[in-house]
Amino acid sequence: MAATATERKLFVGGEWLETGDWLEVRSPYSGDVLARVAKAGAAETRRAVDAAERAMQEPLPANKRAEILVRVVGALGRRHDEVARLISDEAGKPLKAARVEAQRAMSTYTFAAVEARKLAGDMVPMDAAQAGEGKLAFTLRRPVGIVGAISPFNFPLNLVAHKLAPALAAGCAVVLKPASQTPLSALLLAELEEEAGLPAGWVNVVAGAASEIGDVLVEDDRIKLITFTGSGPVGWKLKERAPKKRVNLELGNATPVIVAADADVPLAATKVAQNAFSFAGQSCISVQRVYVERGAYDEFVAALLPLVDALKVGDPGDEDTDVGPVIDEGARDRILEWIRSTSGEVLSGGDLEGELIRPTVIANPAPDDKVSCEEVFGPVCTVTAVDSVAEAIDLANGTRYGLQAGIFTSSLENALRAAQGLEFGGVTVNEAPTFRSDQMPYGGVKDSGNTREGPHYAVREMTEERLVVVELP
Ligand code: NAP
């Protein structure tokens with residue numbers, strides 16, 4: 001264990017608990033053990049659900065929930081450097097990207113606080129129907145119940161924030177299972193919520209055995225909603241196993257970008273270089289497939305390659321690193337295998353720099369190559385020449401994914417055709433589809449998911465309407 005390694009306990013019912021069993025958290029860059037975290041199983045998860053149930057028996061008024069959320073924003077601001085370094089250490093995320101994530105979590109909490117203060121139902125126009133004459137009706141928005149939250153490794157702070165903050169805004173207690181590779185940011189966030197005055201049981205963090213914890217979240221009837229961000233097979237299986245619960249899924253993508261012949265090509269190349277390789281491509285909306293109209297193809301590739309070659313590959317703890325490690329050796333070997341097996345031409349990268357995969361650009365792979373149709377989740381993008389924007393839209397739609405897609409064009413017609421024709425949850429125009437601002441409705445269609453996150457939308461999911469009908473005297 002590294003000399004600086006720390007021990008973290010679970011957070012259940014307002015107490016920090018040991019279990020006698022430990023989970024080691026290792027740096028994806030150096031392999032050093034950064035910390036060991038008390039490992040939870042089914043018993044601790046049930047205890048967490050009990051604590052959440054007790055907490056919800058004494059609801060917190062919206063103004064208190066909003067105040068706590070705002071205090072967390074302040075704490076994240078004051079401890080920004082520590083938070084960013086923790087993300088960088090446990091996820092192997094370059095510090096500059098970790099800083100952006102830490103700042104975005106402040107935005108997520110801020111928007112959740114706004115939602116807490118404006119949470120309200122609707123008036124129902126009762127006399128619009130003859131049967132409703134003489135009656136007044138309105139809806140209340142009630143918390144759905146205890147939320148079971150499961151989060152991935154790649155945004156260990158802000159994707160946890162996208163679950164904890166809206167749940168508190170909605171008045172729901174949470175049992176959170178963070179990714180085993182990156183539980184430290186989640187535990188820190190729970191600590192900040194506790195310090196901000198959150199009473200016991202409203203947030204519980206159980207890191208550990210995924211299937212054991214998942215089984216409790218699926219089988220315990222007191223969990224009314226599961227919010228899951230991660231890979232498709234795990235997410236869809238959870239949904240299948242919990243037919244009576246709301247199961248909200250935020251899953252993967254094989255993110256496409258179209259560059260039309262009339263695009264600002266230097267802009268498109270810059271955005272692709274920035275957004276295909278940041279955090280070694282381990283964002284669900286990392287640019288992966290670029291379809292370029294033939295008229296702009298040579299210019300695009302000539303502009304892209306020097307930008308890619310200029311990216312600094314190295315230690316994620318260095319302020320100027322652009323591309324660090326992928327999460328573990330298994331991921332690295334899989335990505336290298338996918339690069340080796342492509343029929344396309346490797347224009348840049350394709351190999352290792354030390355232990356790290358160099359940013360890789362592959363020209364014109366076959367549509368059924370893994371790099372064309374599966375989520376690479378690594379520092380790899382493909383560039384493919386196409387005859388028309390219509391062909392590019394068809395190819396972009398040609399996978400099972402549908403999270404976000406983008407187009408670069410100066411033509412309104414192309415932009416609107418893409419906005420209408422791309423089967424994705426979000427379409428960006430003259431911006432990389434990696435763009436996300438935390439208040440946006442963010443989520444996918446097809447295999448990429450079935451919900452929208454962003455505090456306004458998540459709070460809507462985490463509440464349900466109760467109708468009240470009043471007979472007027
Ligand atoms: P993952 O392997 O599916 O893991 C996600 C979470 O699920 C982890 O906490 C994991 O726990 C847990 N898990 C695994 N098996 C489980 C089970 N049987 N029951 C309950 N929980 C279980 O995904 P990942 O590798 O961490 O993340 C990468 C994926 O997430 C990519 O596909 C990416 O595109 C997607 N993603 C989507 C979004 C979005 O907003 N749409 C955002 C970020 C990432 P352990 O860590 O203990 O295995």
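Read the numbers this way: they start at 1 and go in the same order the structure lists the ligands and their atoms. Side chains are part of it too, since the values below use all heavy atoms of this structure and drop only hydrogens, waters and symmetry mates. Here the structure is a predicted model, which means the values were calculated and not measured.
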Is [X] salt-bridged to [Y], cutoff N-O under 4.0 Å?
X	Y	result
Glu24	Arg26	yes
Asp81	Arg85	yes
Lys177	Glu212	no
Glu374	Arg334	no
Glu219	Arg241	yes

Derivation and outcome, side chain to side chain donor-acceptor pair (under 3.5 Å), residues Ser286 and Ser283 | CA-CA 5 Å; Ser286 197; Ser283 157; 5.5 Å; no

Numbered atoms and elements of ligand 1 in range of [X], under 4.0 angstrom, heavy atoms:
X	answer
Phe228	3 (O), 6 (C), 7 (O)
Phe377	28 (C), 31 (C), 33 (C), 34 (O)
Leu159	42 (C), 43 (C)
Gly252	32 (O), 34 (O)
Gly214	19 (N), 20 (C)
Ile150	6 (C), 7 (O), 9 (O), 12 (C), 20 (C), 21 (N)
Gly208	47 (O)
Leu403	41 (N)

Write out the residue and atom name of the closest protein heavy atom to [atom], then the distance separating them to 0.1 Å.
atom	answer
atom 31 (C) of ligand 1	Glu375 OE1, 3.5 Å
atom 18 (N) of ligand 1	Ser211 CA, 4.0 Å
atom 23 (O) of ligand 1	Ser231 N, 3.4 Å
atom 38 (C) of ligand 1	Cys284 SG, 3.0 Å
atom 29 (C) of ligand 1	Gly230 C, 3.5 Å

[X] touching ligand 1 at heavy-atom level, < 4.0 angstrom:
X	answer
Ser283	no
Ser151	yes
Phe153	yes
Gly449	no

Consider every N or O of Asn253 and every N or O of ligand 1, then say whether any pair is closer than 3.5 Å.
->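 Looking only at distances, the answer is no, because the N/O contact criterion of under 3.5 Å is not met.
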
Closest non-hydrogen atom pair between Ala102 and Ile87, with its separation = N-CD1, 4.1 Å

Determine if the distance from atom 34 (O) of ligand 1 to the closest protein heavy atom is below 4.0 Å.
->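 Under the 4.0 Å cut-off, atom 34 (O) of ligand 1 does have protein heavy-atom neighbours.
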
Interatomic distance, Thr110 atom OG1 to Leu76 atom CG [nearest 0.5 angstrom] | 9.0 Å

What is the distance from atom CG of Asn248 to atom CD1 of Ile226, rounded to the nearest 0.5 Å?
->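 Rounded to the nearest 0.5 Å, the CG-CD1 separation comes out at 10.0 Å.
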
[X], [atom1]: over 12 other non-hydrogen atoms inside 6.0 angstrom:
X	atom1	value
Glu329	CD	no
Arg71	CZ	yes
Lys96	NZ	yes
Lys312	NZ	yes

Which part of [X] is near ligand 1, with near meaning a heavy atom under 4.0 Å away: side chain, backbone, both or neither?
X	value
Phe155	neither
Pro178	backbone
Leu217	neither
Asp215	neither
Ile213	neither

Give the single entry among [options] that approaches [atom] most closely by any heavy atom.
atom	options	result
atom 48 (O) of ligand 1	Gly148, Ala149, Ala210, Ala209	Ala210
atom 47 (O) of ligand 1	Pro233, Ser180, Pro156	Ser180
atom 5 (C) of ligand 1	Val234, Leu176, Thr229	Thr229

Would you tabulate the side-chain donor-acceptor contacts of residues 155-175 under 3.5 Å, counting partners in other chains and residues two or more places apart, or write 'none'?
residue, atom, partner, partner atom, Å
Asn158, OD1, Ala105, N, 3.4
Asn158, OD1, Thr108, OG1, 2.8
Asn158, ND2, Asp438, OD1, 2.9
His162, NE2, Thr108, OG1, 3.4
His162, NE2, Arg436, NH2, 3.4
His162, NE2, Asp438, OD1, 2.7
Lys163, NZ, Thr227, OG1, 2.8
Lys163, NZ, Thr229, OG1, 2.8
Lys163, NZ, Glu453, OE2, 2.6

Check ring pair (Phe, Tyr, Trp, His ring centres under 6.0 Å) between Phe153 and all other residues, then give those that pass, not counting sequence neighbours.
-> Phe377

